[in-house]
S.K.: 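Supplied in structure tokens, the structure appears directly below.
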Amino acid sequence: MRWLQRHIRPEQIREFSLLLLIVAAVLIFGSMIDGYYTSRTFNRIASSVAIITVVAVGQTLVVLTRNIDLAVGSIVGCTAYFTGAQLAAHHGLPPVVAVLIAMALGCAMGAINGALVAYGRVPSIIVTLGSLAIYRGILIDYSGARTVTTDSLPKWLIDLPRLNFITIGDLDIRAMFALAVGIVVLFQIGTSFLNVARRFYAMGSNPDAAELIGMPTRQIVFSAFVLSGTLSGLAGFMFLARFGNITVEAARGMELQVVAAVVVGGVNIFGGSGTVFGAMLGAIMIAILEQSLFRLQISEFWRDAILGLLILMAVASDAVILNRLRAIWSRTELKLVTRPGTGAAP
Amino acid sequence: ARAEATVAPGASVDMVLLPKFLGILPFDQAHQGAEEAAKELKNGKKLQYLGPTPENSVAGQIEIVTNAATQGVGAIMISNNSGDQIVPAAKAAKAKGAKVVTWDSQIPSAEGEDVFVAQVDFSETGKVMADMALHILGADGGKFAILSASPDAANQNAWIAAMKDALKDPKYSKLELQGIVYGNDQSETSYNQALAMVDKFPGMKLIMAPTSVGIVAAAKAMQDEKLCDKIKISGLGVPSEMLAYTKNGCAPEFALWSFVDLGYLSYYTAYGLATGAFKAEAGTSFKAGRMGTYTITKDPTRKAGLRVLMGPFSLYNKDNVEAAAK
Amino acid sequence: MTPATGQLRPIDTAAVPPVLEMRGIAKRFGATQALEDVSLTLRPGEIHALLGENGAGKSTLIKIMTGVYQPDRGEIRLAGKPVTVGSAAEGQIHGIAAIYQEPLLFPDLNVAENIFVSHQNRGAVTNWRQMFREAESILASLGVALDVRSPARGLTLAAQQSVEIAKAISLNVRVLIMDEPTASLSAHEVAQLFRLVRDLRSKGVAILFVSHRMEEVFQIADTVTVFRDGRLISTRPAAEVTPQKAIADMVGREMGLFQRRAAAKKGEKLLAVRGLARAGVFEGVSFDVHRGEVLGFAGLIGAGRTDVGLALFGIEPATSGTIELNGAAHVIRSPRQAMALGIAYVSEDRRQLGLSLPMSISANISLPVLARYLSRLGLIRTGEERATAEAFRKRLSIRTPNVDLAVGKLSGGNQQKVMLSKWLNTRPALLILDEPTRGIDVGAKAEVHAMIGELAAEGIGIILISSDLPEVLAMSDRVLVMREGRQMAILDGDSATSQTVMTAAMGQEMAA
Amino acid sequence: MTLPPILRRWEALLLLMLVVIAGLNIVYSPFYLGVGNIVNLFQLSIEKIIVALMMTLIIINGEIDLSVASVMGLSSCVTAYTFHAGWPMGWALTAGLASGAVAGAINGFWIAYVGLPSLAVTLAGLIGYRGVARILVEDRAYGGFPEWFNQLGQQPLLGPLTFSIIIFLAMFVFMAVVLHRSAAGRLVYVMGNNVQAARYSGVRVKRVKLLLFVASGVVAALAGLLYSARLGSVRGDMAVGFELDVITIVLLGGVSIFGGSGNLLGVGLSILVILNLRNGMGLADITGNTQTSVIGALLILSVLVPNMARGLHSKLQGRET
Ligand SMILES: Nc1ncnc2c1ncn2[C@@H]1O[C@H](COP(=O)(O)OP(=O)(O)OP(=O)(O)O)[C@@H](O)[C@H]1O
Ligand SMILES: Nc1ncnc2c1ncn2[C@@H]1O[C@H](COP(=O)(O)OP(=O)(O)OP(=O)(O)O)[C@@H](O)[C@H]1O
Ligand SMILES: [Mg+2]
Ligand SMILES: [Mg+2]
């Protein structure tokens with residue numbers, strides 16, 4: 001226990017508590033729904049989580065720096081549409097190039113947001129509320145209200161959502177889900193160990209101090225937005241692959257889903273704390289609630305009310321658990337600290 | 001029947017074409033049709049194609065109608081997404097002398113509306129959908145569910161009601177409606193809902209989606225999950241978007257009407273009313289250019305209100321979808 | 001330039017060329033001329049003390065050195081070459097680091113990371129193990145034992161200050177600037193810190209040291225520079241200055257050091273606390289406070305004195321024990337209740353807990369008793385509010401152009417005075433002062449001390465929590481000593497000496 | 001903070017924008033200056049701007065309420081449902097307002113007493129309250145309200161002014177006094193700046209926060225009812241998505257999203273700027289996404305341009321900001 005308390009912080013345990021809540025939810029729903037524990041349920045949830053997660057990773061980085069990116073839905077929509085249109089026009093485009101196109105476009109859009117926030121010193125909520133509308137407007141003008149249809153897309157793309165990464169028993173891990181998990185792992189490691197990435201935390205934790213000790217605060221904020229845009233671009237590509245039919249309305253409103261995932265996942269909306277892993281758990285939690293609620297034999301019209309309640313419960317119980325843990329930790333901390341005068345052994 | 005009114009070209013009337021919202025294909029096709037009619041009728045004023053964004057549809061439609069009235073336009077053509085909530089604005093527009101023609105989706109109470117240009121007979125829609133279901137599922141019938149747009153779409157609700165009505169006919173006794181689900185006319189939501197329906201409704205053999213967004217999303221979902229053998233898709237769809245699924249058997253049969261024609265006819269109707277060529281009264285006939293002669297009748301699907309019935313449905317299957325998709 | 005810039009220095013470093021020179025620096029903030037024609041020279045291996053009243057411009061000069069502010073005029077020379085220090089990062093590249101008056105930690109990062117966060121060349125990857133180890137050893141050398149893995153959020157001010165110091169010494173700097181580093185440290189920690197500072201001096205680091213505690217300055221400084229109203233008054237070797245002289249330079253007149261407060265007449269019993277405890281934080285605290293009495297609270301950092309204050313004020317209510325006020329027992333659960341009972345608590349952390357920095361001086365002063373300023377319609381009578389603030393501005397000589405100014409714009413010491421005003425304005429029966437003179441200059445300190453005397457004489461009971469031992473000894477009728485959340489002793493005025501207090505505060509080990 | 005300087009930079013900028021926009025409208029649209037149009041200009045967004053007034057207080061307090069649009073929907077649906085269940089209209093309206101108070105109290109409880117972030121709580125509210133409205137009305141549309149109710153929403157009451165506009169004007173004055181002159185307003189600012197300092201000063205921060213959210217719920221409910229009166233009919237999707245417009249108005253008004261600063265004068269001007277801009281574009285037949293894009297660009301530029309000007313200014317002076 002002592003060892004645990006020295007090496008694990010309550011903030012890390014919060015992710016564990018969210019994991020517990022997820023398990024609890026799965027058990028409860030499993031007892032209420034016939035045939036719940038199937039690979040199909042897993043796949044439903046996994047594939048609906050995959051895209052949101054990728055965007056949520058980027059959003060987490062932005063939120064860590066005490067900003068918010070509300071333009072992600074529009075960026076996903078734009079990249080999905082634009083990449084789809086390119087693929088429809090040039091069937092021979094290699095997959096890698098398609099992915100790069102999507103990411104480059106997302107990156108550019110994120111860079112515009114980032115430049116306005118970091119160098120133009122415009123609050124992020126204002127910038128991204130604006131670009132949310134502007135990017136969507138550009139898309140509508142560009143598209144002329146056409147839809148990118150599945151049959152205009154190359155076959156490899158249409159088959160992509162069904163591509164398996166590995167199969168364990170009868171559990172298919174789809175490539176897209178694996179990609180999302182891979183990104184989470186990558187960024188989780190990056191944000192825990194890379195000094196450059198730790199600056200996101202420092203910056204959000206105390207921007208004034210960051211400025212005073214000479215951190216390149218503008219670059220930090222800028223790069224968070226660029227990463228968020230790039231990941232949204234990648235998500236746009238995944239969106240295109242998964243849904244095939246891309247209207248100009250694609251991914252409208254996704255920003256709220258993503259923010260919900262990030263908040264439920266325990267990322268502090270005022271910056272400085274939270275992890276991309278947590279954000280993924282948040283996305284999973286919400287997806288489980290949504291999907292499972294749907295399968296319960298309850299009226300279509302009851303779903304949102306219950307969903308709202310459950311999200312609130314998830315956030316509340318998470319906070320309660322975390323507070324308990326913090327209390328336990330801080331209580332023992334007193335004993336752990338050796339005060340000056342009682343010998344300096346650490 | 002009275003004499004057929006002729007619509008004289010060359011007048012200058014400000015006209016507004018107002019879709020539910022901007023950015024999806026069928027409405028743009030209607031716009032095309034209306035432009036075609038405008039050219040034929042040599043209207044001196046340019047047709048305004050104005051619409052709200054989807055998330056602001058209701059408030060946006062009301063705002064556009066109100067502003068159009070302020071500007072004193074001659075006619076407003078609305079694909080109404082606001083139910084009866086548009087009524088005060090429409091009435092105000094009429095009071096300022098504008099003609100209010102609805103198309104695609106009507107004002108349920110018919111208040112504030114001169115005439116509704118109905119794409120098809122709404123009670124017919126129910127029968128057409130039931131027929132397609134029976135045709136696809138075969139004589140033994142089976143279970144099916146509906147993937148609708150939003151719970152607030154007046155035309156969708158009317159069609160679903162009509163279909164429920166039609167199902168009472170013993171002819172369709174083998175068809176069992178398991179439930180209605182809403183995809184909010186969003187591809188992603190519809191796609192996810194379609195997948196979820198598979199789990200929610202055990203034994204479901206068909207998804208009936210009377211929405212052009214929902215039907216493609218559902219077809220793609222079934223194809224992605226390799227479920228096309230077990231679960232078929234039908235409903236109302238745009239041929240060019242449905243081509244692949246009809247050919248590979250996921251969506252063997254679906255129906256629609258021509259939105260280009262609908263826009264064209266709506267324009268003729270509104271222009272005729274605004275120029276005083278004819279009045280919005282039951283029994284009036286008029287000639288609508290290349291589409292021929294239409295008559296204004298009482299709308300049998302509503303308590304009050306007049307309509308011009310365009311009809312009929314076009315049914316699409318693997319034999320004719322390719323030609324229609326061109 | 002002032003005439004004496006070091007030629008008279010007895011130490012051999014005088015021959016060493018200066019590492020940092022400031023020449024003719026001027027800086028203006030709106031109507032305030034914060035600095036005017038200031039020149040200062042720092043040499044390797046020199047501890048240079050900077051003295052001045054609150055608002056004299058010390059912090060501003062420091063921020064110019066570190067690149068946070070740009071001077072309006074003047075130049076900075078580093079090792080003889082003129083440089084522009086465009087940002088704090090550039091300052092660091094030049095080998096200049098600062099510990100600011102207000103700790104600047106990242107609450108979400110852990111202690112170790114806070115220490116190393118500004119290191120430019122840490123490599124790409126954080127080696128957590130190594131970082132924890134190094135952080136622990138730096139803190140150990142400071143004599144502070146903190147859990148390096150715990151986040152900085154929630155650390156007491158003193159602990160935060162320790163982390164700041166650790167942060168600065170972990171950087172191998174040529175010039176180290178310390179803006180009131182000892183303000184919230186107690187004698188033991190100060191001694192610890194000074195050992196380190198001397199260590200650095202012997203390694204050739206130039207140290208600029210700001211403090212309002214005279215005895216410390218003369219204990220450690222080689223050179224003493226005094227500022228007044230943004231101008232440099234004198235720069236002299238420490239050996240040639242006496243505290244009295246320095247104070248005279250600072251305030252422009254002669255003034256004494258601490259005067260022991262004449263014991264006021266003790267009134268009837270105001271507060272009786274028995275066995276007060278908050279689970280896991282402190283326990284077994286029992287004491288009385290009489291009207292007109294000053295009860296000092298002494299102890300090392302983290303001894304739990306603040307926690308007792310918070311319990312009495314209802315912020316973190318006690319979990320057991322009794323509190324009696326005027327003979328009636330009360331369970332205090334909220335600050336509001338405490339205020340209704342006539343208790344006021346002046347927090348030690350004015351930025352986080354004490355003041356609303358963007359709001360005006362008058363709005364801050366009226367806040368706890370806003371109801372007093374309401375008209376019959378429930379609107380605030382701003383005239384009245386301002387009048388009160390004006391009165392306090394005069395009484396505590398708060399330096400400000402007007403009372404509508406945002407508190408955040410004031411210098412640290414003046415902020416402290418605003419906070420005192422705010423609580424005096426509640427007309428308390430029991431006043432809990434937590435480090436009331438932290439970061440305020442001798443003049444103001446004397447004023448606060450005089451005020452404590454006056455308030456006691458008016459019959460107010462005062463609890464004075466302070467890490468400034470001479471202050472506690474001079475002001476208190478009795479001294480309560482705490483250690484690790486326990487009450488060690490209550491010493492009477494006469495038996496309370498720095499010796500006895502420290503012995504109690506450090507436990508047995510010190511007794512030797 | 002007691003009295004906002006009448007024309008600080010931000011407000012001056014908004015005023016300038018307003019003058020430019022109104023000028024363009026006058027020049028380019030012959031219909032703009034009509035009394036009917038000016039009334040419409042307010043009337044078409046009246047519910048949003050009423051909610052924006054309360055949202056100003058919430059954001060200055062350092063919180064956010066994303067559930068307002070859903071509460072608008074909830075109150076309309078509760079009123080419609082109870083009215084059609086046979087309640088007299090007066091009671092039905094009371095029930096609608098009460099539902100807003102309850103929704104606000106639920107938000108406030110979790111935020112103030114449990115300490116959850118308002119963004120999370122009201123996001124759940126955004127989904128949940130809409131859900132409750134849906135349970136009540138499902139896919140139905142309720143009309144047939146008493147004539148006086150529809151009249152109230154649609155017809156002028158005092159000269160050309162409608163009931164909603166009168167309510168808005170009265171609320172604007174009231175809120176301005178509360179925010180800038182009363183103790184309550186002072187507490188709103190203090191808590192927005194530094195909630196800990198407020199707590200240490202004996203402010204009952206939890207209670208203030210709770211009351212603020214209850215007020216937000218009631219105001220949103222009132223706005224919802226005004227909206228149903230204006231439309232004459234109620235559906236489950238009443239006011240969906242309004243929250244973003246409301247927040248846009250408040251932010252353009254110069255209120256900091258981190259709380260503690262901003263004032264109602266700015267928000268009032270921002271309301272005028274946005275309404276006039278929308279109206280002008282509507283009259284110029286600019287709708288849909290083009291319109292929202294223009295407002296989005298305006299939002300960004302309104303902060304960016306002064307920032308750049310200031311940056312340039314201080315560059316010229318050779319000093320940092
Ligand atoms: N950012 C600022 N804006 C406006 N005025 C400022 C600013 N910073 C400092 N000042 C003013 O400049 C003067 C010098 O302040 P400074 O903080 O340098 O004083 P100080 O000597 O450090 O005082 P203290 O001992 O109280 O810390 C003060 O009058 C202060 O109010
Ligand atoms: N090494 C440490 N240095 C400083 N504070 C610590 C240390 N370890 C723990 N603390 C914290 O200090 C708290 C008790 O300190 P409190 O602030 O009540 O003491 P204090 O005597 O007022 O000290 P200070 O002089 O810092 O105000 C404990 O809750 C503990 O979390
Ligand atoms: Mg200072
Ligand atoms: Mg303390």
Side-chain angles (χ1 to χ4, degrees), chain A residues 66 68 70-71 74 112-113 116-117 119-141 248 253 255-257 259-260 262-264 266 268-270 282 286 299-316 318-320 323, chain D residues 62 64 66-67 70 106-107 110 114-139 236 241 243-245 247-248 251-252 256-258 288-308 310-311 321:
Chain A
R66 211 177 264 202
I68 195 162
L70 294 179
S74 295
I112 293 174
N113 287 338
L116 287 168
V117 176
Y119 301 99
R121 306 225 159 203
V122 185
S124 59
I125 187 157
I126 288 184
V127 168
T128 57
L129 261 180
S131 61
L132 157 84
I134 296 171
Y135 291 162
R136 185 70 65 180
I138 292 172
L139 173 59
I140 290 176
D141 280 346
V248 295
E255 59 279 352
L256 276 189
Q257 284 173 279
V259 170
V262 166
V263 169
V264 171
N268 184 350
I269 204 70
F270 293 114
I286 292 177
S299 154
E300 191 56 12
F301 298 107
W302 278 79
R303 257 208 349 261
D304 278 353
I306 299 178
L307 182 64
L309 187 67
L310 288 180
I311 291 181
L312 183 63
M313 288 298 134
V315 177
D318 188 49
V320 170
N323 276 343
Chain D
I64 196 149
L66 294 178
S67 72
S70 293
I106 294 174
N107 288 342
W110 291 104
V114 186
L116 303 183
S118 55
L119 190 87
V121 172
T122 59
L123 194 65
L126 168 87
I127 302 169
Y129 300 142
R130 177 68 58 191
V132 177
R134 274 275 173 230
I135 293 174
L136 291 177
V137 308
E138 300 194 333
D139 58 356
E243 61 278 343
L244 278 190
D245 289 348
I247 292 170
T248 304
L251 294 183
L252 183 65
S256 159
I257 192 72
F258 293 112
N289 261 96
T290 321
Q291 201 177 79
T292 39
S293 297
V294 171
I295 291 179
L298 174 83
L299 191 63
I300 296 176
L301 289 177
S302 64
V303 187
L304 183 66
V305 171
N307 276 1
M308 300 211 338
R310 217 169 299 145
T321 47

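By convention in this document, chain letters (A, B, ...) are assigned in the order of the sequence lines, proteins followed by strands, and residues within each chain are numbered from 1.
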S.K.: Do the non-hydrogen side-chain atoms of Leu132(A) and Leu244(D) ever get within less than 4.5 Å of each other?
M.R.: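 Touching, per the 4.5 Å side-chain cut-off.
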S.K.: Heavy-atom distance under 4.5 Å to chain A: side chain of Leu298(D), backbone, both or neither?
M.R.: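 For Leu298(D), there is no contact with chain A at all, as no heavy atom is under 4.5 Å.
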S.K.: Quick one: are Ile257(D) and Leu251(D) in side-chain contact, heavy atoms under 4.5 Å?
M.R.: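 Yes, at least one pair of side-chain atoms sits under 4.5 Å.
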S.K.: Which atoms of Arg303(A) come close to chain D, meaning under 4.5 Å heavy atom to heavy atom: side chain ones, backbone ones, both, or neither?
M.R.: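 For Arg303(A), there is no contact with chain D at all, as no heavy atom is under 4.5 Å.
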S.K.: With a 4.5 Å limit on heavy-atom distance, are the side chains of Phe301(A) and Val137(D) in contact?
M.R.: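 Side chain of Phe301(A) against side chain of Val137(D), heavy atoms only: no contact under 4.5 Å found.
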S.K.: By a 4.5 Å heavy-atom criterion (distance strictly below it), what part of Tyr129(D) contacts chain A: side chain, backbone, both, or neither?
M.R.: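 Tyr129(D) has no heavy atom closer than 4.5 Å to chain A.
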S.K.: Quick check for you: to the nearest 0.5 Å, what is the distance between Ile135(D) atom CD1 and Trp302(A) atom CH2?
M.R.: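 Answer rounded to 0.5 Å: 4.0 Å.
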S.K.: Specify which of Ala314(A), Ala316(A), Ala260(A) makes the most heavy-atom pairs with chain D at under 4.5 Å.
M.R.: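 Among the listed options, the one with the most contacts to chain D is Ala316(A).
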S.K.: Of the backbone (N, CA, C, O) and the side chain (C-beta and beyond), which part of Ile306(A) lies under 4.5 Å from a heavy atom of chain D, both, or neither?
M.R.: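 Neither; nothing under 4.5 Å.
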S.K.: Are any non-hydrogen side-chain atoms of Leu66(D) and Leu119(D) less than 4.5 angstrom apart?
M.R.: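 Sidechains of Leu119(D) and Leu66(D): in contact.
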S.K.: What part of Tyr135(A) lies closer than 4.5 angstrom to a heavy atom of chain D: side chain, backbone, both or neither?
M.R.: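 Looking at Tyr135(A), nothing touches chain D.
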S.K.: Can you confirm whether Ser74(A) sits close enough to Leu139(A) that some side-chain heavy atom of one is under 4.5 Å from a side-chain heavy atom of the other?
M.R.: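 Not in contact.
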S.K.: Is it the backbone or the side chain of Leu123(D) that comes under 4.5 Å from a heavy atom of chain A, or both, or neither?
M.R.: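 It is the side chain, since no backbone atom gets that close.
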S.K.: Name the member of Val320(A), Leu309(A), Leu70(A), Leu116(A) that forms the most heavy-atom pairs with chain D at distances under 4.5 Å.
M.R.: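 Counting heavy-atom pairs under 4.5 Å, the top option is Leu116(A).
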S.K.: For the candidates Ile68(A), Leu129(A), Val263(A), Val262(A), which exhibits the highest count of non-hydrogen atom pairs separated by less than 4.5 Å from chain D?
M.R.: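 Ranked by heavy-atom pairs under 4.5 Å with chain D, first place is Leu129(A).
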S.K.: Need one label for Ile269(A): side chain, backbone, both or neither, based on atoms under 4.5 Å from any heavy atom in chain D.
M.R.: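 Side chain only.
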S.K.: Taking side chain as everything from C-beta outward and backbone as N, CA, C, O, which of these in Ile126(A) sits under 4.5 Å from a heavy atom of chain D? Side chain, backbone, both or neither.
M.R.: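 Both backbone and side chain.
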S.K.: Could you note down all residue pairs passing salt bridge (Lys or Arg N to Asp or Glu O under 4.0 Å) where residues 291-306 of chain D supplies at least one of them, sequence neighbours left out?
M.R.: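 The answer is none; no pair qualifies.
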S.K.: Using side-chain heavy atoms (C-beta onward) and a distance below 4.5 Å, is Ser67(D) in contact with Asn107(D)?
M.R.: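 Yes, side chains in contact.
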S.K.: Sort out for me which of Gly125(D), Gly236(D), Ala124(D), Ala133(D) touches chain A most, counting heavy-atom pairs under 4.5 Å.
M.R.: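 Maximum pair count with chain A is reached by Ala124(D).
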